[in-house]
Amino acid sequence: MIKKIDHIGVAVKDLNAAIKFYEGLLGLKVVDTEIVEDQKVKVAFLPVGDSEVELLESTAPDGPIAKFIEKNGEGIQHIAFRVENLTEKLAELKEKGVRLIDEKPRRGAGGAMIAFLHPKSTFGTLVELCKRG
Ligand code: ZN
């Protein structure tokens with residue numbers, strides 16, 4: 001049911017500085033940037049093969065990315081798996097006792113439908129399930 005790693009979310013303090021590294025030194029290219037208002041985050045997507053790096057900069061001091069950086073410093077914040085049927089997968093995981101952050105799919109960056117699973121249920125990693133198209 002899980003198709004691939006859709007993207008890896010990386011929390012950064014300064015999106016432009018991070019883009020300079022990823023584009024200028026690693027040779028990746030930003031294909032899309034977007035502000036996701038309800039998550040208080042500015043996002044840049046850089047495809048790598050069949051997956052993407054998602055750079056995340058907080059737009060507010062109380063946003064989830066700002067809080068993450070405060071606690072853990074910059075770095076990998078979540079891993080996103082592409083699924084075909086998000087609603088079904090969430091229901092299945094819930095039934096099996098997995099703690100969900102999002103009970104229902106919501107709109108994420110890039111027009112995807114997304115939902116987060118709680119790190120307490122996933123051995124410490126914030127897991128995003130993501131459905132596109
Ligand atoms: Zn993500």
Side-chain angles (χ1 to χ4, degrees):
M1 222 171 161
I2 286 177
K3 310 302 282 180
K4 64 171 191 170
I5 292 176
D6 188 85
H7 63 270
I8 292 172
V10 179
V12 300
K13 287 179 187 165
D14 181 337
L15 191 61
N16 288 328
I19 286 171
K20 270 187 196 150
F21 168 75
Y22 278 90
E23 284 195 334
L25 297 172
L26 293 188
L28 303 179
K29 277 273 163 284
V30 173
V31 292
D32 199 19
T33 59
E34 186 180 337
I35 288 173
V36 183
E37 298 283 357
D38 70 334
Q39 285 296 295
K40 298 177 181 173
V41 74
K42 195 170 156 192
V43 183
F45 284 104
L46 302 95
V48 188
D50 204 26
S51 298
E52 291 181 313
V53 171
E54 180 187 52
L55 298 175
L56 305 147
E57 181 198 299
S58 190
T59 57
D62 62 337
I65 294 301
K67 283 183 189 158
F68 174 87
I69 290 175
E70 209 177 284
K71 199 173 159 198
N72 307 287
E74 294 177 293
I76 292 178
Q77 194 254 351
H78 67 270
I79 180 163
F81 294 109
R82 172 99 50 106
V83 296
E84 271 183 348
N85 192 330
L86 182 52
T87 308
E88 197 176 278
K89 192 73 188 166
L90 281 177
E92 179 197 325
L93 291 171
K94 190 181 178 179
E95 195 190 297
K96 289 177 179 166
V98 174
R99 201 165 143 195
L100 310 178
I101 291 175
D102 299 300
E103 295 274 333
K104 283 178 185 164
R106 60 184 171 80
R107 192 157 293 280
M113 293 308 288
I114 65 165
F116 284 98
L117 312 181
H118 199 285
K120 286 238 158 74
S121 284
T122 62
F123 300 85
T125 302
L126 179 59
V127 170
E128 175 187 332
L129 300 179
C130 163
K131 180 183 183 292
R132 294 184 192 273

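Numbering of ligands and ligand atoms starts at 1, following listing order. Along the sequence shown, the residues carry numbers beginning at 1.
Using a 4.5 Å cut-off on side-chain heavy atoms (C-beta onward), Gln77 and Val10 make no contact. Residues Ile114 and Asp102 fail the side-chain proximity criterion, which asks for heavy atoms closer than 4.5 Å.
Residue pairs meeting the side-chain hydrogen bond (donor to acceptor under 3.5 Å, both in side chains) criterion with at least one member in residues 110-124, sequence neighbours excluded: Arg99-His118.
Closest heavy-atom contact between Ala66 and Pro61: CB-O, 3.4 Å.
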Which atom pairs, one a donor and one an acceptor, fall under 3.5 Å between side chains of residues 79-96 and the rest of the protein, sequence neighbours left out?
residue: Arg82; atom: NE; partner: Asp6; partner atom: OD1; Å: 2.6
residue: Arg82; atom: NH2; partner: Asp6; partner atom: OD1; Å: 2.8
residue: Glu84; atom: OE2; partner: Lys3; partner atom: NZ; Å: 3.2
residue: Asn85; atom: OD1; partner: Thr87; partner atom: N; Å: 3.4
residue: Asn85; atom: OD1; partner: Glu88; partner atom: N; Å: 3.1
residue: Asn85; atom: ND2; partner: Glu88; partner atom: OE1; Å: 3.2
residue: Glu92; atom: OE2; partner: Lys96; partner atom: NZ; Å: 3.2
residue: Lys94; atom: NZ; partner: Glu103; partner atom: OE1; Å: 2.7

Would you be so kind as to tabulate the donor-acceptor pairs closer than 3.5 Å made by side chains of residues 25-43, with sequence neighbours excluded?
residue: Glu34; atom: OE1; partner: Gly110; partner atom: N; Å: 2.7
residue: Lys40; atom: NZ; partner: Asp62; partner atom: OD1; Å: 3.4
residue: Lys40; atom: NZ; partner: Asp62; partner atom: OD2; Å: 3.0

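Within the sub-2.8 Å shell of the Zn ion (ligand 1), the protein contributes these N/O/S atoms: His7 NE2, Glu54 OE1, His78 NE2, Glu128 OE1.
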